[in-house]
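Reading through the structure tokens given below for one structure.
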Amino acid sequence: MSNENVIAHDFIRQAVTEDLKSGRFNGVHTRFPPEPNAYLHIGHAKALWIDYGIGLDFGGLFNLRFDDTNPAKEEQEFVDAIIQDVRWVGAVFDDRLFYASDYFDRMYEWAQELIRKGLAYVCDLTAEEVTAHRGNLTQPGKDSPHRNRPVEENLDLFRRMRAGEFPDGSRTLRAKIDMAHPNLNMRDPVMYRILHTPHHRQGDKWCIYPMYDWAHGLEDSIEGITHSLCSLEYENHRPLYDWFIDAVNQGRTDDGSGPWGRKIHHPRQIEFARLNMTYTVMSKRKLIELVRDGSVRGFDDPRLPTLAGLRRRGYTPEAIHDFCRRIGVNKTDSVVDMQLLEHCLREDLNKRSPRRMAVLRPLKLVIDNYPDGQVEQVDAVNNPEDAAAGTRQAPFSKALYIEQDDFREAPPPKYFRLFPGQEVRLRYAYFVKCTGCVKDAAGKVTEVHCTYDPATRGGDSPDGRKVKATIHWVSAAHALPAEVRLYDHLFTKPDPQDAPPGQDFRANVNPNSLETVQGFVEPSLGSTGVSPVAEFPVQFERLGYFCKDKDSTPDKPVFNRAVTLKDTWAKIEKKEGAKK
RNA sequence: UGGGGAAUAGUGUAACGGUAGCACAACUGACUCUGGAUCAGUUAGUUAAGGUUCGAAUCCUUAUUCCCCAGCCA
């Protein structure tokens, strides 16, 4: 706590500090390089926090760059969504928004340069043949029969690939490295493939597209990125990343003299572990499957760990920052407890969120000795954690709604709430004492009756008598109907992958991850009233934090539950139940 | 089996040859007009075996376990 202003000293920041000290780099420039083929999720927020945070900590620059090298998978919709998400989490890139596809011309020139240097060749093998020639983990690969084509023939073929003379998949440009290399990525990797597919930004300009390994380091080089931060699975690609830049630089000089010109910038790639969390999945592929098979209602479904989903659910950027700060940065595969994310949200919202009363599962409470037709306005505190938030008034009358959970005809042990003969406080209003209840033919409680003590107005008793529980309420005549969506984990198991034999993660989708209830909220939450809380989550007292959803209509608000409050009673009840 | 990585309480993360600390979770208790919040406390850890050293989570050796790599995906 006392060291909040000190730069966190994770292993990447240590490396950056050393690079600055040794003079390897004179400044810091980082980037976040998403492929626009899906929505961003909380794992990307971690990466963003590292990329952007390090740029910020060292007074450097930060770029947002789309790695749009595969037109078959990428779409403008994702570009737009990603930009919105990156801005929302607070990574500032100003005008430094770039696209790898804007560098295609330069990459094409460099590819020809590698051919001239004898470091790349056009290969006519089919995809299957390339795989067969690659060997496997223990056996070396075999050279392609086209590996030693003359430079002029390679140049001619490569130009004709670009000109569109050959069909998809018929030829590739490959780097000439080593088919026996112990690192499979170094066995003459493909640099370009033929793809007669229009690009979402480049249109029909290209029919050959660069592969990630060839393109990525060059993109970083062009932008002057010093530290190319990425996740662990790219560790095996680092030798290639370095090889390609060294290959371009072969024969080049610092001052640009000589036939090949000036050397290009060589960034340093450093890898860190990606984020995993309990009760959810983090891979793009799985997220897409859940959306496609209807397990959720879209990429912004509040049950998803996507940033769009978290935003819709009521998560704040501040809570996400805090979460990223707490999980740290390292190279260990880890699974972070979902409860930590929830804790971060509660901590943020507890300080800032306005309180309101809402009843999710209504049960009518009638105060028999309260005058018919009388309405009082009681003062309610907006946020006990923040005196500046002030107070509001809530209408009180003879007939109220309370939570079904707050009444028991036969109370279990340690139950402090309403039951016949028991007195409780109606928050900010009066003490009431339960006198009985009315049941329907099926034995279900339909109405609870009580009497109130007029001397306890405001919620305190002049005779000093105490009450063990305070419950929330809304006035039946004044309350606004609202739809409330209650979310639970999307998966029933901490590790969704832990599925029965022959089944995949979808076998663990929680059928009860969404429960929709029709409740009532304070009039101050309506669209007609002045609502200070339209876009920011509110706390429904004793229940949790809720955020107004985009599905709300003028007559009926819809709320998403972001996270519950900690519920000690639920634990006691569970424990008492287990005793029996 | 080849190559590349990683191992610290249940979970996440500190320590950089000198008292193994913090957070989340769990559990006690205090307080409370939210069974919230807050406060106090408890439980619980260096993968293993050797070695170097006055002293090892840290250095060395060996072993074990886990993750990644055989896309014309990124």
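Quick caveat, the model's predicted, so the values are computed rather than measured. Letters go in sequence order (proteins before strands), and every chain restarts at 1.
Between B/A74 and B/G36, the distance separating the two C1' atoms is 45 Å to the nearest Å. Spacing between B/G55 and B/A40 at atom P, rounded to whole Å, works out to 39 Å. Taking atom C1' in both B/A44 and B/U38, one finds a spacing of 25 Å when rounded to whole Å. On the P atoms, B/A20 is 13 Å away from B/U46, given to the nearest whole Å. Distance check on atom C1': B/U32 versus B/A37 gives 9 Å, rounded to whole Å.
Residue A/K571 places at least one side-chain N or O closer than 4.0 Å to OP1 or OP2 of B/C27. Phosphate contact (OP1/OP2 of B/A37, side-chain N/O of A/K566, threshold under 4.0 Å): present. Note on A/R193: a side-chain N or O is less than 4.0 Å away from OP1 or OP2 of B/C73. A sub-4.0 Å separation between OP1 or OP2 of B/U32 and a side-chain N or O of A/R542 is absent. For B/C72, the OP1/OP2 oxygens have a side-chain nitrogen or oxygen of A/R134 closer than 4.0 Å. Residue A/H343 has a polar side-chain atom (N or O) positioned under 4.0 Å from OP1 or OP2 of B/C24. Taking only side-chain nitrogens and oxygens, A/T131 comes nearer than 4.0 Å to OP1 or OP2 of B/G71. A sub-4.0 Å separation between OP1 or OP2 of B/A74 and a side-chain N or O of A/T69 is present. A sub-4.0 Å separation between OP1 or OP2 of B/U32 and a side-chain N or O of A/T470 is absent. The phosphate of B/U28 has OP1 or OP2 within less than 4.0 Å of a side-chain N or O from A/K575.
A/F407 and A/F419 have their aromatic ring centers separated by at least 6.0 angstrom.
Taking the side chain of A/K73 as heavy atoms from C-beta on, and the options B/U34, B/C72, B/C73, the nearest nucleotide is B/C73. Which of B/G12, B/C69, B/G35 sits closest to the side chain of A/V336 comes down to B/G12. Picking from B/G35, B/U1, B/C24 the nucleotide with the shortest atom distance to the side chain of A/T138 gives B/U1.
Classification of A/R408 and A/E573 as a salt-bridged pair holds, one side-chain N sitting under 4.0 Å from a carboxylate O.
For the pair A/Y212 and B/A74, the ring geometry does not qualify as stacking, because the centroid separation below 5.5 Å and plane angle under 30° are not jointly satisfied.
A donor-acceptor contact under 3.5 Å is formed by the side chain of A/Q539 with the base of B/U34. Between the side chain of A/R326 and the base of B/U13, no donor-acceptor pair under 3.5 Å is found. In terms of polar N and O atoms assigned as donor or acceptor, the side chain of A/H237 comes within less than 3.5 Å of the base of B/A74 in a complementary pairing. At a cut-off of 3.5 angstrom, the base of B/G36 holds no donor-acceptor pair with the side chain of A/R346. Contact of A/E385 with B/G36 (side chain to base): a donor-acceptor pair of N or O atoms is detected under 3.5 Å. For B/G3, its base sits under 3.5 Å from the side chain of A/N236 at one donor and acceptor pair at least.
A glycosidic torsion no more than 90° from 0 defines the syn conformation; B/G21 lies beyond that range and is anti.
Note: CE (A/M277) to C1' (B/U13) measures 17 Å, nearest angstrom. Distance A/F78 CZ to B/A74 C1': 14 Å, rounded to the nearest Å.
When all heavy atoms are compared, the tightest approach of A/W243 to A/K176 is CZ2-O, 3.6 Å. A pairwise comparison of heavy atoms in A/H200 and A/P36 identifies NE2-CG, 4.1 Å as the closest pair.
Looking at A/Q539 and A/E541, their side chains never bring a donor and an acceptor atom within 3.5 Å of each other. Of the N and O atoms on the side chains of A/E342 and A/Y315, not one donor lies less than 3.5 Å from an acceptor on the other residue. Inspection of the A/E347 and A/N350 side chains reveals no N or O donor paired with an N or O acceptor under 3.5 Å.
For NZ of A/K433, the number of neighbouring non-hydrogen atoms (other residues, nucleotides, ligands) closer than 6.0 Å is 12 at most.
Stem regions for RNA chain B, each three or more consecutive Watson-Crick or G-U pairs with both distances under 3.5 Å and listed by first number, read B:2-7 with B:64-69, B:10-13 with B:21-24, B:26-30 with B:38-42, B:47-51 with B:59-63.
In this pair, A/Y430 and A/F396 present their aromatic rings tilted. The plane angle is within the 30 to 60° band.
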